[in-house]
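Before I ask anything, let me first share the structure, which is written out below as structure tokens.
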Amino acid sequence: MFNPPNPKSFFQLVWDIVGEIPAGCVSSYGQIASMIPPDEGMAPTRMRHLAPRWVGTAMRKTPRGLSIPWHRVINSQGSISFPKGSPQADEQRQRLEMEGVRFDARGKVDFALVAWQGPDEAFLQRKRLLPPRPLK
DNA sequence: CGTTTGACTACGC
DNA sequence: CGCGTAGCCAAAC
């Protein structure tokens with residue numbers, strides 16, 4: 001992982017970004033990490049690819065009262081990152097299906113259909129974010 | 001204090 | 001494809 005100089009603002013930024021994901025769309029830990037510039041904690045080094053783990057950490061530490069669409073964040077493989085069969089995985093899948101997101105037999109979504117393209121330009125500028133890396 | 005534990009990802013079999 | 005693993009580290013025990 002990397003060493004966030006500003007864990008507090010970094011987590012807040014992650015939550016803010018997740019809050020922008022519209023219903024019926026999904027993002028990934030890596031895609032969210034790709035938007036966060038080095039001055040918010042993303043090391044521009046070899047550790048960069050570990051950043052997604054910190055996005056996961058931020059999600060795990062989401063405050064109770066904070067209402068954000070946490071279920072719209074999945075992993076780069078297009079599947080839910082909670083253990084299959086766990087209550088959390090079941091709830092996440094149910095919430096997504098409720099929004100029309102379909103899963104194939106292997107439990108994966110089709111990014112071509114549901115991938116989020118990132119926040120609008122105004123949000124990017126207001127939060128000083130980088131353009132998101134497209135989902136594969 | 002030492003250990004365990006992660007809501008990850010890219011890559012190689 | 002699926003599975004294992006390196007990368008690399010702050011928190012929570």
Side-chain angles (χ1 to χ4, degrees):
Chain A
M1 303 189 186
F2 68 118
N3 186 9
N6 250 322
K8 192 168 182 178
S9 72
F10 170 80
F11 290 150
Q12 184 61 58
L13 206 41
V14 170
W15 300 326
D16 287 345
I17 293 170
V18 172
E20 293 295 302
I21 308 173
C25 293
V26 301
S27 184
S28 75
Y29 306 92
Q31 185 184 40
I32 290 169
S34 75
M35 297 182 219
I36 301 181
D39 65 307
E40 287 295 346
M42 288 293 153
T45 64
R46 62 191 180 287
M47 294 195 283
R48 178 107 181 127
H49 71 287
L50 295 176
R53 300 191 79 164
W54 276 98
V55 174
T57 299
M59 294 304 287
R60 189 173 71 244
K61 294 178 68 106
T62 302
R64 285 272 183 172
L66 191 58
S67 166
I68 57 174
W70 57 270
H71 56 286
R72 296 176 191 149
V73 185
I74 62 180
N75 64 38
S76 66
Q77 306 313 302
S79 58
I80 286 170
S81 277
F82 288 112
K84 188 178 181 182
S86 67
Q88 306 177 89
D90 289 345
E91 180 181 355
Q92 185 168 12
R93 176 164 175 157
Q94 189 176 357
R95 281 174 176 266
L96 286 172
E97 288 180 325
M98 191 83 70
E99 298 177 352
V101 177
R102 310 297 300 277
F103 290 80
D104 67 15
R106 304 199 316 272
K108 295 188 175 187
V109 306
D110 184 355
F111 278 140
L113 295 176
V114 298
W116 185 40
Q117 302 304 317
D120 57 60
E121 197 58 38
F123 184 87
L124 283 183
Q125 289 187 16
R126 180 153 43 90
K127 300 289 186 180
R128 298 163 194 260
L129 299 175
L130 303 169
R133 177 175 55 74
L135 290 172
K136 294 189 310 287

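Chain letters run A, B, ... following the sequence lines, proteins first and then strands; every chain starts at 1.
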From dC8(B), dG2(C), dA10(B), nucleotide with atom closest to Tyr29(A) side chain: dC8(B)

Any side-chain N or O of Ser76(A) less than 4.0 Å from the OP1 or OP2 oxygen of dA10(B)? yes

In whole Å, I'd like the distance from the CD atom of Gln77(A) to the P atom of dT9(B).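 Computing the Gln77(A):CD to dT9(B):P distance gives 7 Å.
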
Report yes if a side-chain nitrogen or oxygen of Lys61(A) is closer than 4.0 Å to either non-bridging phosphate oxygen (OP1 or OP2) of dA12(C); otherwise report no.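 Lys61(A) to dA12(C) OP1/OP2: side-chain N or O found under 4.0 Å.
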
Taking 4.0 Å as the cut-off, does a side-chain nitrogen or oxygen of Arg53(A) come that near to OP1 or OP2 on dT9(B)? no

Check this for me, if you would: do Arg95(A) and Glu91(A) make a salt bridge, where the nitrogen-to-carboxylate-oxygen distance has to be below 4.0 angstrom?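 Counted as a salt bridge, because a side-chain N and a carboxylate O are separated by less than 4.0 Å.
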
For the side chain of Ser81(A), starting at C-beta, report the closest nucleotide among dC8(B), dA10(B), dA10(C).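 Nearest listed nucleotide: dC8(B).
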
For Phe82(A) and dG6(B), give me the distance from atom CZ to atom C1', rounded to whole Å. 11 Å

Least distance between heavy atoms, Gln31(A) atom then Trp116(A) atom: NE2-O, 3.1 Å

To the nearest angstrom, the CE-P distance between Met35(A) and dC8(B) comes to 17 Å

Only pairs under 3.5 Å count here: list side-chain donor-acceptor contacts from residues 76-85 of chain A, not counting sequence neighbours, and write none if there are none.
unit_1	atom_1	unit_2	atom_2	d
Ser79(A)	OG	Asn75(A)	OD1	3.4
Ser79(A)	OG	Asn75(A)	ND2	3.4
Ser81(A)	OG	Asn75(A)	ND2	3.1

Protein-nucleotide distance (Trp54(A), atom CH2; dC9(C), atom P), rounded to Å: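 It is 10 Å, rounded to the nearest whole Å.
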
Determine: side-chain N/O of Thr57(A) to OP1/OP2 of dG6(B), distance under 4.0 Å, yes or no. no

